[in-house]
Amino acid sequence: MEAGSQRHWAYAMIADVTIEWTDTTWDPLVGCTRKSAACRHCYAEALTAASAQDKQWGYGFAEVGPAGPSWTGAIALREDRLALPLAWDAPRRILVNALSDLFHESAPIETIDRVFAIMALAPRHIFQILTKRPKIMQTYIADKATPGRITHEIDEIAPDPNSHAIAAWPLPNVWLGVTAENQKEAERRIPVLLQTPAAVRWVAAEPLLEPLELKLGTWLRDAPQRVASSGIGPWLDWVVAGGEIGVDAQPCHPDWARSLRDQCAKGGTAFYWRQWGEYIPTVGVTAGAGPEPIPLTWERLGARPATRTLDGFLHETFPET
Ligand code: SF4
């Protein structure tokens, strides 16, 4: 293992993976493969490989090679984790598959059905799904046979003489989201998401690798259209954003974050600024306020927790449900 990979690996092992916009993560799937630039510093790959080294749950799904951790390509449902949300009595926001992608090309449809059956059986929770494979998600959600298959799985998981078809489709407690780390992926993924029936549609612009144009009036509602209830849309309901973490992560320019904040404000869209990533802007974060532009400088924080403010304010809004 060369030095850079060692640092990357070591960093991934200690990375703080707290996800502030959710209450709990639930990982019924194990295994994944990289899809786009956002996967460059995938902590799921590192955590799964670390577990594999001890022959624990990650064994067979990721491994440590000369270049560091890597996925094997295997995907599986973890039956021991599947029903966990049913045991959580208090309502929670639950991120589904922080360590995988529910709509991975290799995930069997029966596996996705079983995950949705659990979500249908726990309407007290909100389930936040994030994918980099929205076309598979769209096909799954739009398939008229999907609700019937999920009902069948519900009957298998929780046999009940009064069990019946799920009450509503799409499930009102499931939020569907896509990652959009750059404009190219935003153009690819967001239109597909907007064509997918969902109670809430959201975007994770994390890691934010460049400025994003979220197309007010097309992807984000604009105010007159919102008030008029004109039937135009649907729109994005929530935007989460944050910087990149990793040994060779790039800094996130504060103007990229400001732009997302301001676009969401114009459209009345909920915006959540999660974190700055590996580097935090120090001097120059308020550049442009005075007569002389202040040069932007950065402090490298690594795994240390950073302030999560943007121009002095926390941005932690959630979509209305
Ligand atoms: S899709 Fe998610 S879990 Fe899979 S490799 Fe990319 S970042 Fe990691």
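Model, not experiment: these values are computed from the prediction. Values reported hereafter were calculated over all heavy atoms of this structure, with side chains retained and with hydrogens, waters and symmetry mates removed. Start at 1 and go down the list; that is how both ligands and their atoms are numbered.
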For Asp113 and Tyr140, test the side chains for any donor-to-acceptor distance below 3.5 angstrom and give the result as yes or no. yes

Go through it in stages, so that I can follow the logic: the residues are Phe318 and Trp202, the test is ring-ring contact (aromatic ring centres under 6.0 Å, His included), and I'd like the CA-CA distance, side-chain angles, deciding distance and then a yes or no. CA-CA 10 Å; Phe318 290 87; Trp202 61 291; 10.0 Å; no

Can you name the closest pair of heavy atoms from Val203 and Ala180 and give their distance? CG1-CB, 3.8 Å

Can we call the ring centroids of Phe127 and Trp175 under 6.0 Å apart? no

On the six-membered ring of Trp57, is Arg81 placed so that its NZ or CZ lies under 6.0 angstrom from the centre and within 45° of the ring axis? yes

Show me which atoms of ligand 1 lie under 4.0 Å from any heavy atom of Arg133. 1 (S)

Do Arg93 and Thr22 have side-chain atoms, one donor and one acceptor, less than 3.5 Å apart? no

Under 2.8 Å from atom 4 (Fe) of ligand 1, protein N/O/S atom count? 1

